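Notes follow once the structure below has been shown.
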Amino acid sequence: MKGDLRSAVFVTSWPAYLIVAAGALIMLTPFYFMFVFATHSRTEIFNLPPPLWFGDHLIDNLTNLTERLPLWHNLGWSIYVALASTLLTLLFCSMAGYAFALFEFRFKRSLFALVMATMLLPSFMNMIPTFMIMDVLGWIDQHRALYIPGAASAFGIFLMRQFALTAVPRELIEAARMDGCGEFAIYWLIVLPLLRPALGTLGLITFIASWNNFIGPLIVMRSVENYTLPLALRSMQSTTNTEWGALMAGAAIATIPLMILFAVSSRQLIAGLTTGAVK
Amino acid sequence: MRLPATFRISPRWAPYILISPFLVLFGVFSVFPLLFSFYLAFHSWEPTGGLQAMEYVGVANFAFALQDEWFWKALGNTAWLALASGLPQHLVGIPLAVFIHLSFKRLRVRDSVAGIYFLPFITSTVAITILFSSLYSTDYGLINAVLHTLFGTENIDWLGKPVYVKPTIAFIVFWRYLGFNVVLYLAALQAIPKDLYEAAEMDGAGRWHQFWCITLPSLRPMIFFGVTLSVIGGLQLFEEPFILTDKGRGGPDQAGMTSAIYLYRMAFDFNDFGGASAMSWLLFIIVALMTWLTNRAFRPHKGSV
């Protein structure tokens with residue numbers, strides 16, 4: 001009986017393993033070729049059959065890339081914008097999330113409903129108005145246009161509020177107030193440390209979203225020196241005779257930091273990104 | 001006793017100060033632009049002419065969009081792509097999640113496997129799409145090379161022939177978002193009480209039967225959530241087709257031109273901001289309608305959540 005069960009499980013399992021493994025291979029193969037192609041010249045990439053193993057043109061490709069793009073500027077701006085947007089988002093969303101979770105104030109319910117509603121607004125609704133408002137503010141080709149508008153994101157406020165509801169005990173705040181602790185000190189010294197796990201998750205998500213952001217820079221950035229990495233890569237692709245090797249090296253540069261980040265934090269990241277769903 | 005508060009914020013005002021950055025940013029970058037875009041939808045305007053060049057045209061922009069061949073074509077493309085990339089995410093994602101759930105009992109291993117599937121979701125769309133455009137290349141691309149070796153097929157002009165453009169885009173979108181759905185379903189599977197299966201086993205229910213009668217009904221709320229996200233996401237598809245097609249124009253015969261791309265072109269290629277605004281509101285109505293329909297079709301039964 002026991003043997004029967006085991007064999008039944010085995011028989012139903014090995015095709016399952018096989019399918020899962022094949023799927024994983026399909027997920028990983030493109031990344032593998034991104035790195036392989038980054039080490040080959042344009043002509044090698046378009047050999048038949050294409051190269052399946054690493055070559056020795058990585059340095060050439062990187063040199064080529066820096067000749068065609070102000071790569072260090074682009075990389076620097078990508079880092080700068082991602083960091084600035086992460087810091088601002090953490091600050092503003094934790095403030096608002098804390099207020100929505102632990103305070104009573106006028107229009108609280110309707111305001112929160114409004115925050116939730118904006119999460120459902122399709123991104124293309126904002127495309128044209130965003131350009132116009134940046135034009136009016138004189139923020140075209142300015143990096144602040146990339147990190148300020150989204151710094152009070154609905155998703156971030158929602159995440160912070162949900163977390164604060166359980167992680168910040170009301171009695172603790174009351175007790176601190178009784179002891180004469182100011183409201184700012186309460187937020188900075190008590191609430192923020194309690195929110196730390198959620199801040200970590202939101203920080204990761206914001207950094208990655210900013211690092212990958214394409215539509216934002218596409219609409220407001222004008223000069224190549226100010227481009228972030230994705231837009232810079234795109235601009236190189238649109239020229240005729242694309243330098244595939246160099247472009248792949250650039251794509252790899254845009255991908256590697258995320259892979260490292262993901263390797264150290266995948267569990268936290270996945271949990272954060274699926275919050276709304278799992279409640 | 002309380003300390004005298006001279007430079008102190010009273011708890012009564014604290015929440016307003018705490019939400020003020022949100023209120024300012026929300027007002028300036030969300031509410032105002034949205035209202036302005038609504039206003040603009042009834043005007044004809046080229047930004048190069050300055051604000052005084054704005055002219056009231058009534059519903060002409062809406063009428064134009066509704067008669068515009070490309071508007072409908074883009075909408076059709078978008079619906080096609082949303083369906084062809086969205087449906088497989090769930091039809092493949094659900095069984096895959098079940099396989100992973102059943103095959104890997106140790107949580108660490110299961111998380112790593114899910115992580116592999118999740119990886120495409122967090123990497124840069126631009127980097128990935130650029131890579132795919134080389135893999136899809138006609139004469140020397142890896143995909144054609146593999147197909148030729150396996151099946152002896154002629155080289156396919158994936159990005160140059162209208163018939164192939166949409167499937168090409170749909171596959172990349174599917175590839176990118178599959179892992180996200182797998183992770184959602186894995187979380188839902190973990191929440192199904194084990195005794196349900198034990199009871200079913202006692203009654204002699206086979207695996208297949210268990211899947212149909214326990215697993216699938218329990219996943220219903222998550223299917224609802226996942227499909228809603230796919231519909232919303234699919235209908236605003238922009239980056240993948242924009243990067244895959246030459247100059248972001250939507251490819252041969254506009255076969256890959258989605259509504260979001262057409263909107264972008266209308267404003268930034270053709271300089272018709274009024275028309276583009278009207279179009280964005282029409283699209284908004286369509287997206288809201290589609291979301292509502294999905295809601296109706298997949299909403300969990302009352303009391304089953």
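Note that these values count all heavy atoms, side chains included, but never hydrogens, waters or copies made by symmetry. Computed from a prediction, not measured in an experiment: that's the story for all the values here. Sequence lines set the chain letters: A, B, ... in the order given, protein chains first and strands last, and positions in each chain run from 1.
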Using side-chain heavy atoms (C-beta onward) and a distance below 4.5 Å, is [X] in contact with [Y]?
| X | Y | answer |
| --- | --- | --- |
| A/Met259 | B/Leu119 | yes |
| B/Leu18 | A/Glu183 | no |
| B/Trp281 | A/Met125 | yes |

Nearest 0.5 Å, what's the [atom1]-[atom2] distance between [X] and [Y]?
| X | Y | atom1 | atom2 | answer |
| --- | --- | --- | --- | --- |
| B/Leu142 | A/Phe33 | CG | CZ | 4.5 Å |
| A/Asn126 | B/Ser37 | CG | OG | 8.5 Å |
| A/Phe131 | B/Tyr264 | CZ | OH | 9.5 Å |
| B/Leu131 | A/Phe35 | CG | CZ | 10.0 Å |
| B/Ile19 | A/Phe112 | CD1 | CZ | 12.0 Å |

> Can you list the residues that meet the ring-ring contact (aromatic ring centres under 6.0 Å, His included) rule with B/Trp175, with sequence neighbours excluded?
Replying inline: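 For B/Trp175, the residues satisfying ring-ring contact (aromatic ring centres under 6.0 Å, His included) (neighbours in sequence not counted) are A/Phe31, B/Phe132.
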> When you measure from the side chain of B/Tyr16 to the backbone N and O of A/Arg106, does any donor-acceptor pair fall under 3.5 Å?
Replying inline: yes
> Under the 3.5 angstrom rule, does the side chain of B/Gln236 hit a backbone N or O of A/Phe124 as a donor-acceptor pair?
Replying inline: no
Please look at [X] and chain A and tell me whether the side chain, the backbone, both or neither of the residue comes under 4.5 angstrom of a heavy atom of that chain.
| X | result |
| --- | --- |
| B/Phe268 | side chain |
| B/Phe242 | both |
| B/Phe26 | side chain |

Side chain, backbone, both or neither of [X] within contact of chain B (heavy atoms, under 4.5 Å):
| X | value |
| --- | --- |
| A/Ala209 | neither |
| A/Met248 | side chain |
| A/Leu231 | neither |
| A/Leu247 | side chain |
| A/Ile215 | both |
| A/Leu269 | side chain |
| A/Ile148 | both |
| A/Ser123 | both |
| A/Met34 | both |

If you tally heavy-atom pairs under 4.5 Å against chain B, which of [options] wins?
| options | value |
| --- | --- |
| A/Leu261, A/Leu28, A/Leu218 | A/Leu218 |
| A/Leu91, A/Leu88, A/Leu114 | A/Leu114 |
| A/Ala185, A/Ala99, A/Ala251, A/Ala24 | A/Ala24 |
| A/Gly23, A/Gly250, A/Cys93 | A/Gly23 |
| A/Gly97, A/Ala96, A/Ser94 | A/Ala96 |

How close do [X] and [Y] get, heavy atom to heavy atom, and via which atoms?
| X | Y | value |
| --- | --- | --- |
| A/Ala152 | B/Phe22 | CB-CA, 3.7 Å |
| A/Ile128 | B/Ala276 | CD1-CB, 3.2 Å |
| A/Trp244 | B/Ile130 | CZ3-O, 3.5 Å |
| B/Ile122 | A/Ile208 | O-CG2, 3.5 Å |
| A/Asn212 | B/Thr123 | ND2-C, 3.6 Å |
| B/Ala127 | A/Thr255 | CB-OG1, 3.8 Å |

> Are the aromatic ring centres of A/Tyr17 and B/Phe104 under 6.0 angstrom apart?
Replying inline: yes
>> My understanding is that only residues two or more places apart in sequence, or in another chain, count here; which of them pass salt bridge (charged side-chain N to carboxylate O under 4.0 Å, His left out) with A/Arg267?
In response: B/Asp111
